[in-house]
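For reference, the structure discussed in these notes is given below.
All ligand and atom numbering here is 1-based and tracks the order in the structure. Just so it is clear, the values below take in all heavy atoms, side chains as well, and ignore hydrogens, waters and symmetry mates.
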Amino acid sequence: MNYRHAYHAGNFADVVKHVVLCLAIQALKRKPKAFRVIDTHAGRGRYDLAGDEALRTGEATGGVLALEGQLQRFNDAGVDAGSGSFEPDTETASPSALPPDEGLRLYAQALDAARAWRTPAAPDTAPRFYPGSPLIARVLLRPQDRLIANELHPEDAAALRHLFARDPQSKTMAIDGWTALKAVLPPPERRAVVLIDPPYERTDDLPRMARALAQALKRFATGIYLLWYPIKDPDTLRPYRQQLAATVTQPTATLEFFHHAGRRADKLNGCGLTIVNPPYQLEDALTAVMPTLTAHLETVTGQGTWTYEPLSG
Ligand code: SAM
């Protein structure tokens, strides 16, 4: 286990993933019934952007730090991230009911609330600390909702456990993420966002993820699943897409973001999310927010692009 997320926290890929996570959680908050967030590869939950690892790569500079100006205007409004719903509580609401900057607003509020998590005496509102996916999820929960966060690396697992110690709404685990996925499904609430965000240290992580998804859907077919993957050479993703298309019968979409046009097969050129059971209006919300992300995130040649499409093999 060599991968350490501290080197990459807050980079362009984290921003895209975490904006989608916020929107998926918010979609479940349209109904009062409880849900849970399941994070199989959770990381340590909070990262220091002024720490050695983050400074060594500087990746947050082209990620969350490049968005600070955009995010600040929402933080100034000071709305509680744990409350509110981004549209009327009806499935028949017109798509125009969705505020155009909803994704950014939710993300800004989650970052603000996460920076204040368990530091009430001196909430750190500076962009120095960046929350990982479990902390972002946690601050968006209502009292009836739950978080299950799993992380295998001993050091990060200990930090995660400490972050959520004695929090009655969170449970942390420190086992293999693929085993954890089987162990926690189906959730008792029968409503969940499941984030699967492995480190891609193994060459077979993509087919493994597709297999794990197929098994997870047998246990829990109606969850919202978010499966993150890196994109170097886009052509290498074809077998993964074919594998999904052959096994997944649920509505499924693919969000992909490329942060520059000059594509080198040995470089991280972008990232993708496979979204199973995408919530109502997610496409509208992404159509609204992705142009802003594309304009501000590390688009080294100013030629960032994104796509949102139904899954096709
Ligand atoms: N989801 C986190 C976020 O968005 O803030 C980032 C997670 S990072 C991409 C992947 C994490 O998986 C790393 O923290 C790594 O230590 C952990 N990991 C590696 N192998 C694992 C395994 N077999 N089971 C669970 N976690 C694992």
Distance under 4.0 Å to a non-hydrogen atom of Asp197: what atoms of ligand 1 satisfy this?
1 (N), 2 (C), 3 (C), 4 (O), 6 (C), 7 (C), 8 (S), 9 (C), 10 (C)
What part of Glu201 sits under 4.0 Å from ligand 1 if we count only heavy atoms: the side chain, the backbone, both or neither?
neither
When the aromatic ring centroids of Tyr240 and Tyr229 are compared, is their separation below 6.0 Å?
yes
I want to know whether His18 and Tyr107 have ring centres closer than 6.0 Å.
no
Gly43: numbered ligand 1 atoms lying under 4.0 Å from its heavy atoms:
14 (O)
Are the side chains of Lys29 and Phe35 in contact, using a 4.5 Å heavy-atom criterion?
yes
Checking heavy atoms under 4.0 Å, the part of His41 that sits near ligand 1 is both
Inspect the surroundings of NZ in Lys33 and state if more than 12 heavy atoms from other residues, nucleotides or ligands are less than 6.0 Å away.
yes
With heavy-atom distances below 4.0 Å as the criterion, list the atoms of ligand 1 near Gly132.
5 (O)
Does Ala180 approach ligand 1 within less than 4.0 angstrom via side chain, backbone, both or neither, non-hydrogen atoms only?
neither
Quick check against the 3.5 Å criterion: does Asp145 have a side-chain atom that pairs as donor or acceptor with the backbone of Leu141?
no
Just jot down the ligand 1 atoms closer than 4.0 angstrom to any heavy atom of Asn150, in number order.
25 (C)
Around atom 18 (N) of ligand 1, find the nearest protein heavy atom and jot down its residue, atom name and distance.
Met1 CE, 3.9 Å
Check whether any side-chain heavy atom of Val64 sits under 4.5 Å from a side-chain heavy atom of Leu49, and report yes or no.
yes
Polar proximity ligand 1 side, Trp178 side, N/O cut 3.5 Å exclusive:
no
Passes ring pair (Phe, Tyr, Trp, His ring centres under 6.0 Å), Phe129 versus Tyr47? Steps please.
CA-CA 6 Å; Phe129 289 99; Tyr47 301 91; over 10 Å; no
Note the single closest protein heavy atom to atom 23 (N) of ligand 1, along with its residue, its atom name and the distance in Å.
Asp176 OD1, 2.8 Å
Ser133 heavy atoms within 4.0 Å reach ligand 1 at atoms 1 (N), 2 (C), 3 (C), 4 (O), 5 (O)
Is Ile175 touching ligand 1 with its side chain, its backbone, both, or neither, if touching means heavy atoms under 4.0 Å apart?
backbone
Checking His153 against Tyr3 for the ring pair (Phe, Tyr, Trp, His ring centres under 6.0 Å) test, could you report, in this order, the C-alpha distance in whole Å, the side-chain angles of both residues, the deciding distance, and whether it holds?
CA-CA 9 Å; His153 193 287; Tyr3 180 93; 9.9 Å; no
Quick note on ligand 1: atoms under 4.0 Å from a heavy atom of His153 include exactly 16 (O)
Dump the intermediate steps for side-chain contact (heavy atoms from CB on, under 4.5 Å) on Asp101 and Gln70, then the final yes or no.
CA-CA 10 Å; Asp101 47 13; Gln70 301 295 310; over 6 Å; no
Ignoring hydrogens and geometry, is there a side-chain-to-backbone donor-acceptor pair from Asn150 to His41 under 3.5 Å?
no
Among all the protein's non-hydrogen atoms, which is closest to atom 24 (N) of ligand 1, and how far away is it?
Gly177 N, 2.7 Å
Per-atom contacts, ligand 1 versus Thr40 - under 4.0 Å to a heavy atom:
25 (C)
What protein heavy atom is closest to atom 8 (S) of ligand 1, reported as residue, atom name and distance in Å?
Tyr3 CE2, 3.5 Å
Hey, are the side chains of Ile38 and Val193 touching, using non-hydrogen atoms and a 4.5 Å cut-off?
no
Could you tell me, atom by atom, which parts of ligand 1 come under 4.0 Å of a heavy atom of Pro199?
12 (O), 19 (C), 20 (N)
May I ask whether Thr179 has any heavy atom positioned less than 4.0 angstrom from an atom of ligand 1?
no
Have a look at Phe74 and tell me which of Leu104, Leu106, Asp112 forms a side chain to side chain contact (heavy atoms under 4.5 Å, CB included) with it.
Leu104
Is Arg4 touching ligand 1 with its side chain, its backbone, both, or neither, if touching means heavy atoms under 4.0 Å apart?
neither
Does atom CG of Asp204 have more than 12 heavy-atom neighbours from other groups under 6.0 Å away?
yes
Minimum-distance protein heavy atom relative to atom 13 (C) of ligand 1:
Glu151 OE1, 3.5 Å
Atom 22 (C) of ligand 1: which protein heavy atom is closest, and how many Å away?
Leu152 CD2, 3.6 Å
